**Q** 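Let me begin by handing over the structure; questions about it come next.
Model, not experiment: these values are computed from the prediction. We use all heavy atoms of the structure for the numbers below, so side chains are in, but hydrogens, waters and symmetry mates are not. One is the number of the first residue; the rest follow in order along the sequence.
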Amino acid sequence: MRVGLTGGVASGKSSVSALLREAGVTVIDADLLAREVVEPGTPGLAQVVEEFGDHLLTADGSLDRVALGRLVFADKSARRRLEAIVHPLVYERIAALEAQLAPGELVVHDIPLLVENDRAGDFDAVLVVDAPEEVQVERMVRDRGWSAGDARARIAAQVARERRLAAATVVIENTGTREDLRHRVSEVLEELRGEEREGRAPH
């Protein structure tokens, strides 16, 4: 059973991902794979350098992510060219990881831009971790040292909360304590595993 996991900035998606791993669930992190496929010595890094130039390498031969980020966020064409290199490599890694799973095993794909990239239809269920904007802002100011203005700008740059919630088959509200979240994740897992046994998607 393939499950997508997403959520807005500072919603607590990473915490949910960690709790799922603690519970023994296989979690495939798309962002982590995207970093791995361009590590030093990989064909992915060689393709990025060929496309964009070796000025994007640091002194130790690894990818300068800050410089690359500046380049692709300012230039949609560059971003598309980067995605054309990285995405197929990531999908290849995902397919290889899924091939190692036991038949019928639950696997969760942690994908920050799941809704933005219209990926909801790829999964049997979509978990959306949700928190009100005020809570997101408070967390970014407290935990990341951002200004409230920067935090709100980051939220505004993401897909609207309503659109994200509309894509959810299960919403995990994260406004309480870590224990509240742990309890909710356990409930959701129980529901998913029950639906998986019956061969139905959760509601």
**Q** Roughly how far apart are Leu71 CG and Arg79 CZ, rounded to 0.5 Å?
**A** 11.0 Å
**Q** Looking only at atom types and distance, does a side-chain atom of Thr26 sit under 3.5 Å from a main-chain N or O of Val107, one as donor and one as acceptor?
**A** no
**Q** Is there a side-chain contact between Arg70 and Asp64, using heavy atoms and a 4.5 Å cut-off?
**A** no
**Q** Which atom pair, heavy atoms only, marks the closest approach of Leu57 to Gly61?
**A** CD2-O, 3.7 Å
**Q** Can you list the steps and then say if Val170 with Arg184 is a side-chain contact (heavy atoms from CB on, under 4.5 Å)?
**A** CA-CA 11 Å; Val170 179; Arg184 176 65 180 134; 3.6 Å; yes
**Q** Nearest heavy-atom pair of Phe52 and Leu82: which atoms, and what distance?
**A** CZ-N, 3.8 Å
**Q** So how far is it from His109 NE2 to Leu127 CG, rounded to the nearest 0.5 Å?
**A** 12.0 Å
**Q** Between Asp124 and Arg2, is there a donor-acceptor pair closer than 3.5 Å when you use the side chain of the first and the backbone of the second?
**A** yes
**Q** Hey, is Arg182 close enough to Glu179 for a salt bridge, meaning N to O under 4.0 Å?
**A** yes
**Q** Do any N or O atoms from the side chain of Thr58 and from the backbone of Leu63 form a donor-acceptor pair under 3.5 angstrom?
**A** no
**Q** Would you compute the distance between atom CD of Gln47 and atom CG of Leu45 and round it to the nearest 0.5 angstrom?
**A** 10.0 Å
**Q** Can Leu32 be reached from Ile94 by stepping across I, L, V, M, F, W or Y side chains whose heavy atoms are under 4.5 Å apart?
**A** no
**Q** Report yes if the side chains of Leu33 and Glu36 come closer than 4.5 Å at any heavy-atom pair, otherwise no.
**A** yes
**Q** Under 4.5 Å between side-chain heavy atoms, hopping through other hydrophobics if needed: is there a path connecting Ile111 to Val129?
**A** no
**Q** Roughly how far apart are Thr42 OG1 and Glu39 CD, rounded to 0.5 Å?
**A** 7.0 Å
**Q** Closest approach of Pro132 and Thr175, non-hydrogen atoms and distance?
**A** CD-CG2, 3.4 Å
**Q** Does the Asp54 side chain pair with the main chain of Val49, one donor and one acceptor, at a distance under 3.5 Å?
**A** no
**Q** Treating Ile, Leu, Val, Met, Phe, Trp and Tyr as nodes and any side-chain heavy-atom pair under 4.5 angstrom as an edge, say whether Val128 and Val188 lie in one connected cluster.
**A** no
**Q** I'd like to know whether Leu19 forms a side-chain contact (heavy atoms from CB on, under 4.5 Å) with Arg178, so could you lay out the CA-CA distance, the side-chain angles of the two residues, the decisive distance to 0.1 Å, and finally the verdict.
**A** CA-CA 10 Å; Leu19 288 167; Arg178 175 83 173 188; 3.9 Å; yes
**Q** Surrounding CD of Glu22 (heavy atoms of other residues, nucleotides or ligands, distance under 6.0 Å), is the total greater than 12?
**A** yes
**Q** Would Ile155 end up clustered with Leu114 when hydrophobic side chains under 4.5 Å apart are linked, directly or stepwise?
**A** no
**Q** Find the distance between CD (Glu105) and CD (Gln100) and round it off to the nearest 0.5 Å.
**A** 10.5 Å
**Q** Of all heavy-atom pairs between Met1 and Leu192, which one has the smallest distance, and what is that distance?
**A** SD-O, 3.8 Å
**Q** So do Asp110 and Asp31 actually touch side chain to side chain, heavy atoms under 4.5 Å?
**A** no
**Q** Between atom NE2 of His55 and atom CG of Leu68, what is the distance when rounded to the nearest 0.5 Å?
**A** 9.0 Å
**Q** Do Gln136 and Arg154 touch side chain to side chain, with heavy atoms closer than 4.5 Å?
**A** no
**Q** Looking at Asp60 and Ser62, would you say the former's side chain and the latter's main chain have a donor-acceptor pair under 3.5 Å?
**A** yes
**Q** Do you know which two heavy atoms are closest between Ser11 and Arg139, and how far apart they sit?
**A** O-NH1, 3.2 Å
**Q** Would you say Glu98 and Ile28 make side-chain contact, with heavy atoms under 4.5 Å?
**A** yes
**Q** Tell me whether Leu106 is reachable from Phe123 by hopping between hydrophobic residues (I, L, V, M, F, W, Y) whose side-chain heavy atoms are closer than 4.5 Å.
**A** no
**Q** Mind checking whether Val9 and Arg144 have side chains closer than 4.5 Å, heavy atoms only?
**A** yes
**Q** Is Asp29 salt-bridged to Arg93, cutoff N-O under 4.0 Å?
**A** no
**Q** Heavy atoms only: give me the nearest Ser17-Val27 pair and the separation to one decimal.
**A** OG-CG1, 3.4 Å
**Q** Taking the basic N atoms (NZ, or NE/NH1/NH2) and the acidic carboxylate oxygens, is any pair closer than 4.0 Å for Asp130 and Arg164?
**A** no
**Q** For Asn174 and Val16: C-alpha separation, side-chain torsions, deciding distance, then whether side-chain contact (heavy atoms from CB on, under 4.5 Å) applies.
**A** CA-CA 9 Å; Asn174 180 26; Val16 169; 5.8 Å; no
**Q** After noting the C-alpha distance and the side-chain angles of Val185 and Leu20, does the key distance pass the side-chain contact (heavy atoms from CB on, under 4.5 Å) rule?
**A** CA-CA 7 Å; Val185 168; Leu20 288 166; 3.9 Å; yes
